[in-house]
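This report concerns only the one structure given below.
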Amino acid sequence: MTSIFYIFIALILVIYFWLKKRNNYWNDRGFLQPESKGSFMGVTKGKTPFQGLDDHYKSFKGRAKAIGIYQFFVPSIFPTDPELIKHILMKDFSYFHDRGMYHNKEADPTSAHLLSLDGQDWRDRRTKMSPIFTSGKMKMMFENVDKISDKLVEVLKKNIKTSNVHDMKRWSQKFTADNIGNVAFGLECNCIEDENSAFMKYGRRLLDLKPFEIIKFIFAINLPDLARMLKIRSNPKDAGDFFLNTFLQTFEYRQAYNIVRSDFVSLLLGLKHLYTPLELAAEAFLVFAAGYETSSTLMTFTLYELALNQEIQDKLREEITTGIEENDGKLTYEMLFEFKYLDMVVNEALRKYPPIPILFRKCVKDYKIPGTNLIIPTGIKALINVYSLHHDPEYFPEPSKFDPKRFSDENTKNIKSCTFLPFGEGQRNCIGMRFGQMQSKMAILKLVKNFKFSPCDKTLIPMKFETFAPFISPKGGMWLKVEKI
Ligand code: HEM
């Protein structure tokens with residue numbers, strides 16, 4: 001009994017001294033670090049991770065190019081200086097080409113894809129997949145996206161007869177799930193008409209994690225090597241299996257009947273001599289996972305700001321209606337990208353509400369921060385808080401004002417490099433940017449052309465965010481009044 005007591009005390013002491021040492025990891029290396037240690041970037045204070053980081057950004061900006069932080073005692077680096085961010089994302093990419101994300105091809109096939117792969121594996125796959133995302137390939141998919149956005153308008157028109165207050169986050173999700181299900185899995189998913197359809201159900205399942213799944217997810221982010229050893233599944237098994245099996249069935253069917261369509265499935269099938277069907281299924285899963293919530297988030301917050309700023313909404317509607325009328329009522333792929341005010345509005349929504357507010361990079365060899373004697377050690381992750389840069393009054397004066405003029409041709413030239421990063425930057429930036437812009441712009445255009453959006457009693461003013469959401473997300477949905485024009 002006495003020896004168990006001594007072992008227990010010894011264990012407590014070891015943990016105590018290890019934590020003490022760990023808490024000084026950054027001070028010991030000459031970096032500044034915030035007082036509150038060990039919390040998950042402020043989540044414990046009821047804030048989102050990007051808001052927690054933003055508190056540190058405000059306290060330390062100008063005092064250091066980067067500070068040391070801890071996520072559950074795992075040290076990370078938090079660069080606050082755009083010049084250093086530029087080095088990390090672009091100039092010194094060879095030191096930061098990985099994200100250090102969890103992936104395990106065998107135990108969790110949905111985790112091994114372009115977003116998470118490291119080093120040469122990532123580089124090879126990015127080279128092979130880049131031709132899938134060119135402007136020409138996106139143009140091929142335009143017709144499908146156009147058709148699905150018309151369906152969105154038609155079904156929403158029917159629904160506003162019963163009630164004119166709607167959760168536009170849910171409608172945006174239904175649209176992107178239908179769209180991506182169609183182009184990445186080759187199926188009519190029926191999400192717009194039936195919100196309990198399989199694609200909606202499993203799309204939501206990827207985000208609505210149960211408490212144990214949240215713990216597994218955070219564990220896999222922070223300790224990917226240990227998670228790999230323990231063969232953890234980072235995505236819910238039922239959702240992962242659904243997406244993999246659905247893709248594999250379409251894959252076999254298309255091969256058997258030699259079917260070629262203008263979509264991601266056929267483009268991925270073109271890589272079948274290089275990758276196994278399961279590897280390609282993981283990429284189709286990623287197209288869904290990376291494109292579903294990001295684009296719907298962009299749509300959601302754009303509609304929110306248009307509802308709060310009626311004059312901007314009217315001006316946008318005027319541009320769209322006139323442009324389409326002048327082209328004999330037809331909308332083309334080129335026109336979608338030529339609507340200047342639409343582009344300015346969308347960019348301003350991406351600034352205020354970047355769907356992915358934090359970028360990750362892992363340092364793969366010791367890196368000396370230029371102009372200092374500070375070294376970022378190998379294996380440390382850099383967290384770039386896009387939200388802070390987008391809300392810094394030095395780069396965007398009056399940051400809480402929704403002002404599309406910031407993105408006029410004249411003003412865009414003055415935006416400091418690496419302070420506007422909605423799609424990331426450098427060789428690891430968003431490969432699906434054009435598709436994301438195409439589907440979001442298309443839906444916003446059709447919605448604004450056909451409906452007037454305004455605030456209602458349930459609209460969040462000021463905006464509040466969900467604390468545990470992996471993407472920036474309005475608390476309790478995005479409720480707006482919707483009227484037919
Ligand atoms: C509005 C919509 C979207 C936004 C705001 C967005 C944003 C981002 C961001 C911030 C990153 C990380 C970039 C970095 O670390 O530098 C990223 C990566 C990525 N995105 Fe997107 N994304 C969107 C839509 C899409 C779509 C539709 C797809 C697929 C069709 C997609 C596929 C990817 C992939 C595969 C990566 C990883 C690239 C790599 O590591 O090589 N994204 N996205």
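For the numbers below, each heavy atom of this structure counts, side chains included, while hydrogens, waters and symmetry mates do not. Please read these numbers as outputs of a predicted model, since none were measured by experiment.
No donor-acceptor contact under 3.5 angstrom links the side chains of Gln51 and Asp55, judged on distance only. Side chains of Asp118 and His97: no donor on one and acceptor on the other come within 3.5 Å. A donor atom on one side chain and an acceptor atom on the other are found under 3.5 Å apart for Glu305 and Asn309. Of the N and O atoms on the side chains of Tyr341 and Glu318, not one donor lies less than 3.5 Å from an acceptor on the other residue. Using a 3.5 Å distance cut-off with no hydrogens or angles, the side chains of Arg99 and Ser116 do not pair a donor with an acceptor.
A 6.0 Å sphere centred on CZ of Phe31 holds more than 12 heavy atoms belonging to other residues, nucleotides or ligands. More than 12 heavy atoms of other shown residues, nucleotides or ligands fall within 6.0 angstrom of atom NZ in Lys368. For Glu311, the CD atom is densely surrounded, since the number of other residues' heavy atoms within 6.0 Å is greater than 12. Residue Asp457 qualifies as open at atom CG: its count of foreign heavy atoms under 6.0 Å is 12 or below. The environment of CD in Glu483 is crowded: more than 12 heavy-atom neighbours from other residues, nucleotides or ligands sit within 6.0 Å.
The CD1 atom of Ile431 lies 11.5 Å from the CZ atom of Arg125; values are rounded to the nearest 0.5 Å. Rounding to the nearest 0.5 Å gives a distance of 10.0 Å between CG of Leu383 and CD1 of Ile77. Rounding to the nearest 0.5 Å places OG of Ser296 at 5.0 Å from CD of Gln173. In this structure, the separation between CD1 on Ile324 and CD on Glu326 is 11.0 Å, given to the nearest 0.5 Å. To the nearest 0.5 Å, atom CG of residue Asp167 and atom CD of residue Glu195 are 9.0 Å apart. To the nearest 0.5 Å, atom CZ of residue Phe337 and atom CG of residue Asp343 are 9.0 Å apart.
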Before you tell me yes or no, could you show the steps for Phe264 and Phe185 under ring pair (Phe, Tyr, Trp, His ring centres under 6.0 Å), namely the whole-Å CA-CA distance, both residues' side-chain angles and the distance that decides it to 0.1 Å?
CA-CA 8 Å; Phe264 282 117; Phe185 292 84; over 10 Å; no
Could you go step by step and tell me if Lys446 and Asp146 meet the salt bridge (Lys or Arg N to Asp or Glu O under 4.0 Å) rule?
CA-CA 9 Å; Lys446 295 271 168 90; Asp146 193 17; 2.3 Å; yes
Under the side chain to side chain contact (heavy atoms under 4.5 Å, CB included) rule, what do Thr412 and Phe420 come out as? Steps first, then yes or no, please.
CA-CA 10 Å; Thr412 305; Phe420 180 58; over 6 Å; no
Please determine whether salt bridge (Lys or Arg N to Asp or Glu O under 4.0 Å) holds for the pair Lys169 and Glu293, giving the CA-CA distance in whole Å, both sets of side-chain angles, and the decisive distance to 0.1 Å.
CA-CA 10 Å; Lys169 179 176 162 69; Glu293 187 70 2; 2.7 Å; yes
Please evaluate residues Phe396 and His391 with respect to the criterion ring pair (Phe, Tyr, Trp, His ring centres under 6.0 Å), reporting the C-alpha separation (whole Å), side-chain torsions for both, the decisive distance (0.1 Å), and the verdict.
CA-CA 7 Å; Phe396 299 98; His391 288 256; 8.7 Å; no
Show the numbers, then the answer: is there a salt bridge (Lys or Arg N to Asp or Glu O under 4.0 Å) between Asp178 and Lys151?
CA-CA 10 Å; Asp178 227 8; Lys151 163 99 93 48; 3.7 Å; yes
Applying side chain to side chain contact (heavy atoms under 4.5 Å, CB included), run through Ile369 and Lys65 and close with a yes or a no.
CA-CA 8 Å; Ile369 298 182; Lys65 292 182 180 204; 4.0 Å; yes
What verdict does the side chain to side chain donor-acceptor pair (under 3.5 Å) test give for Asp124 and Gln120, after you've listed the backbone C-alpha separation in whole Å, the side-chain angles of each residue and the deciding distance to 0.1 Å?
CA-CA 6 Å; Asp124 289 346; Gln120 198 56 40; 3.1 Å; yes
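Shown here are the side-chain contact (heavy atoms from CB on, under 4.5 Å) partners of Asn235, two or more places apart in sequence or in another chain: Thr110, Leu206, Phe285. Contacts of Lys362 classified as side chain to side chain donor-acceptor pair (under 3.5 Å), with partners at least two apart in sequence or in another chain: none. By the side-chain contact (heavy atoms from CB on, under 4.5 Å) test, Ile485 is found to be paired with Arg317, Lys452, residues two or more places apart in sequence or in another chain being considered. Partners of Thr80 according to the side-chain contact (heavy atoms from CB on, under 4.5 Å) rule, which considers only residues two or more places apart in sequence or in another chain, are Tyr57, Phe78. With sequence neighbours excluded, the residues satisfying salt bridge (charged side-chain N to carboxylate O under 4.0 Å, His left out) with Asp409 are Lys340.
Leu331 has its side chain within reach of Met442: a pair of non-hydrogen atoms, C-beta onward, lies under 4.5 Å apart. A heavy-atom distance below 4.5 Å is not found between the side chains of Thr332 and Leu336. Side-chain contact between Leu156 and Asn450 is absent, with no heavy-atom pair separated by less than 4.5 Å. Using a 4.5 Å heavy-atom cutoff, the side chains of Trp122 and Asp98 are not in contact. At least one side-chain heavy atom of Lys157 sits less than 4.5 Å from a side-chain heavy atom of Phe451. Looking at heavy atoms from C-beta onward, Cys189 lies out of side-chain contact with Ser197 at the 4.5 angstrom threshold.
The backbone N or O of Ala443 lies less than 3.5 Å from no partner atom in the side chain of Ser149, so there is not a single donor-acceptor pair. Panel note: side chain Trp26, backbone Ser76; a donor-acceptor pair is recorded below 3.5 Å. A distance-only check finds no donor-acceptor pair linking the side chain of Glu466 to the backbone of Ile472 [under 3.5 Å]. No donor-acceptor pair closer than 3.5 Å links the side chain of Asp392 to the backbone N or O of Ser388. In this structure, Lys381 contributes its side chain and Ile221 its backbone to a donor-acceptor pair below 3.5 Å. Not one N or O on the side chain of His103 forms a donor-acceptor pair closer than 3.5 Å with the backbone of Ala112. Panel note: side chain Asp403, backbone Lys405; a donor-acceptor pair is recorded below 3.5 Å. Between the side chain of Thr378 and the backbone N or O of Asp366, at least one donor-acceptor pair lies under 3.5 Å. When atom types are taken as modelled, the side chain of Arg428 and the backbone of Leu115 share a donor-acceptor pair closer than 3.5 angstrom. In this structure, Glu348 contributes its side chain and Arg406 its backbone to no donor-acceptor pair below 3.5 Å.
Between Glu83 and Lys91, at least one side-chain nitrogen of the basic residue sits less than 4.0 Å from a carboxylate oxygen of the acidic one, meeting the salt-bridge criterion. Here Arg261 pairs with Asp263 in a salt bridge; the nearest charged N to carboxylate O distance falls below 4.0 Å.
For Lys61 and Tyr395, the positive end sits near the middle of the six-membered ring, less than 6.0 Å away and at most 45° from its axis.
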If you look only at distance, which donor and acceptor atoms sit under 3.5 Å apart when one is on a side chain in residues 138-145 and the other is two or more places apart or in another chain?
from   : atom 1 : to     : atom 2 : distance (Å)
Lys139 : NZ     : Glu334 : OE2    : 2.7
Asn144 : ND2    : Asn182 : OD1    : 3.3

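A centroid separation of 6.0 Å or more is found between the aromatic rings of Tyr304 and Phe453.
Taking the six-membered ring where tryptophan is involved, the planes of Phe288 and Phe243 are tilted, since the angle between them lies from 30° to 60°. By the 30° and 60° cut-offs, the orientation of the rings of Tyr387 relative to Phe465 is perpendicular. Taking the six-membered ring for Trp and thresholds of 30 and 60 degrees, Tyr353 and Phe301 have nearly parallel ring planes, at less than 30 degrees apart.
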